Amino acid sequence: MATPLAPGWTEHKAPTGHSYFYNNETKKSTYTRPIAQAQAQAPPPAQFIPSYGSGQLAGGFQANQFQQNQYSGPQYQGNQFPAQFPGQPPGPQAYNNGGRGGRGGFRGGRGDSRGGHANHDRRRQEPEDKPKHRYKLPGCDPWVLVKTKLGRRFVHNTDTKESFWKFPEDVMVAVIEYDRREREKKERRERGEPSDVEDEVAVMAEEPTAVAEVEPGRAAIVPVQNNEAAEDSSEYEEIEVTDDEEEAENGEGPSKRQRTDEPDDQPVDFDEDDIAYQLQAMGEDYGLDPGEYGIDEDGTWEEGAEGLPLTEEDSKALFYDLLNDFMINPYTPWEKVVEDGYIIDDDRYLALPNMKARKDCYDEWSREKIQELRERREKEAKKDPKIPYFKLLEEYASVKLYWPEFKRKYRKEGAMRDTKVPDKEKEKLYREHVKRLQLPQNTLKSDLSTMLKAQPLSQLNRSTPIEAIPSAILTDLRYISLPPKIRDPLLEAFISTLPPPPTDGVSAEDQEAEAAKRRERRRREDALAEREARVQNDKRKQQKDLAYGRGKLREEEMELQRAMNVGKDGLRGQLMEQLGEKDERSLVID
Amino acid sequence: MPPIRSARNRKPPPEGFDDIEDTLLEFANKMKDAENATHEGKKRYETVWPIFQITHQRSRYIYDLYYEKEAISRQLYDWLLKNGYGDANLIAKWKKQGYEKLCCLRCIQTKETNFNSTCICRVPKDTMKEQHTIECVSCGCRGCSSSD
């Protein structure tokens, strides 16, 4: 100490190594050394009374939790806080996290508020604090000195489980003693005896510098109140805790202060959280989105972390698009899709956070896609499986080949391998076709024309292109038995003679339906006619029977009548006859 | 003598087989490769692992298509099982609770084991004592119990 400081001023070290001076009352800091003036002000020992820091930490765990909820709940719920104070220094929350309550409370706070980038800001501003080191205090047995991650210190009584930010009197002595020893140790180390710890210290010393550089918005002078401890007892009063937002707004972020102080006092642990924090801070200063630099803490970003908010549906839709764009066959298993790896290189592949989500998404997509395919196929007209076989016949069938020969010769053809047309059917068609090939051409021509004439006008008319002939014609042997050279002109000529298609605006389906109706009607009529014929038959039979019966009756009647018709003359005649016979007999006798 | 049914003169497979034919063919090729793969440097029981694996995958594929995605018809499903594309017994087990991920039937067979118990892969991960990975002897499964 060269010259005594003016009262009210304290000397501090900036992270860059400069020492500067801070007046606690006027809240001013300067690099130039304020020399003692005629100010009759006593150096204030501790202006900042920690609002709740002096509470019992371990015992007051519940209370801490509660306070945190209070803070994180209403205050941070909306977006308004970070909007009002962009680049806002840490709110009180960071300081709730004394002792053991810190971690849980921090998580809880995050869970509470889900608004935009508030989350993100808060994470940046309020790194969680937690106990880091624990030192035994010499000659003060149940008490231990605990150093938190942010470099703050408190004492803890292992027996009574009490913790204090503010050191009790008896403990204070031990702490001072401890500090002295630490300093001695450090000095010894600096003098010689290089150890591996030293390198670490050097690295650590750089860290706060980097932070200070990447955050130029901050006050270049970072006031540290409690650092050089030996002559300034204020350290042992622990001034750091404050709720004052105005001060926070001034950029004297206590967290900042705490993060950067005493880099060379003890080896500060520089762990992954710190790295993540720094990276984040740098990324923000460069105007990057958190998605663009690679820290991933929870596997997913909070909502709104990545530029525009990307909802779950959006990312799902993106993945769907990806699958559609790559023409993935929905029938392939997911493992195969991943194995092929076409989609992996695409950015949209990363829209979903993990593999499970992707698999689920794929399953859903393929399910929908298959459904869609099926519906489309149902709508499509069914193609006759025989058509390719007929083409094959037309091309290769010849009188010179028997069916087994033909079959063997063209077994590799797709139409021959197709199992939709059974083998028997193929054989039958082949034989018939070959038989027809031997017929004279005139017969074939007349057969063709009769076949064409039999086609309904809706199927075959003037506007039918020669390439789109109905399958009823294509799957007819009479069509292929003529060679195309002769057949096609004939067909064209026939088509040109046909009238245009029926223009009543009915579609093919309607016509189909109508045809079905007509068929039905004809069937009914036929049935009716048949029935009538049968009835007529029956009637005729009946009448015949009747007539026969009548005739018979008449005959019988006549017979009866004849029998009844016994007249006198009949009897007499009989008698006469008998008499005459007698006479004759007598005459003969006589 | 019964008529010989070759691929040519058999009845055509049910509708929808064309869609999955390629995938099944791939499985068949994989299976052929696995069958013909060299056994050198492998333990005796290890040689059959890929066979089991492919069988499982193929059965799973058919199971998913029919039960999860409803992409194939009942006729086709039955036809596939009848023609040995999937293992009907394994699929039957998958329908039971606790067996949704069962790797193979041998792993739940208690008869032929030393302690009359199921395979090690049926033990839930959280109840396993040591945390190192396991591979069961019968099919190389690393744990298929549904509780984990």
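In the text below, chain A, chain B and the rest are named by the order of the sequence lines, each starting its count at 1. The structure presented is a predicted model; accordingly, all values stated were derived computationally and were not measured.
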Atom CD of B/Glu112 with >12 non-hydrogen neighbours under 6.0 angstrom: no
Ion pair A/Arg377/B/Asp19, N-O distance below 4.0 Å: yes
Over 12 foreign heavy atoms within 6.0 Å of NZ, A/Lys412: no
Residue B/Glu70 versus chain A: region with a heavy atom under 4.5 Å: both
More than 12 heavy atoms of other groups within 6.0 Å of B/Glu135 CD: yes
Heavy atoms from other residues, nucleotides or ligands near CZ of A/Phe326 exceed 12 (cutoff 6.0 Å): yes
More than 12 heavy atoms from other groups under 6.0 Å of NZ on A/Lys428: no
Distance, nearest 0.5 Å, that separates NZ of B/Lys11 from NZ of A/Lys420: 14.0 Å
A/Ser366 and B/Lys69: side chain donor to acceptor below 3.5 Å: yes
Spacing of A/Arg374 atom CZ and B/Glu15 atom CD [to the nearest 0.5 Å]: 11.0 Å
Donor-acceptor contact present, side-chain A/Tyr331 to main-chain B/Glu21, <3.5 Å: no
Heavy atoms of other groups near A/Met355 CE, more than 12 under 6.0 Å: yes
Flag if over 12 foreign heavy atoms under 6.0 Å of OH, B/Tyr63: yes
From OG1 (A/Thr332) to CG (B/Asp22), nearest 0.5 Å: 10.0 Å
Contact check, side chains of A/Pro333 and B/Thr23, non-hydrogen atoms, under 4.5 Å: yes
Chain B contact via A/Lys336 - which portion, at a heavy-atom distance below 4.5 Å: side chain
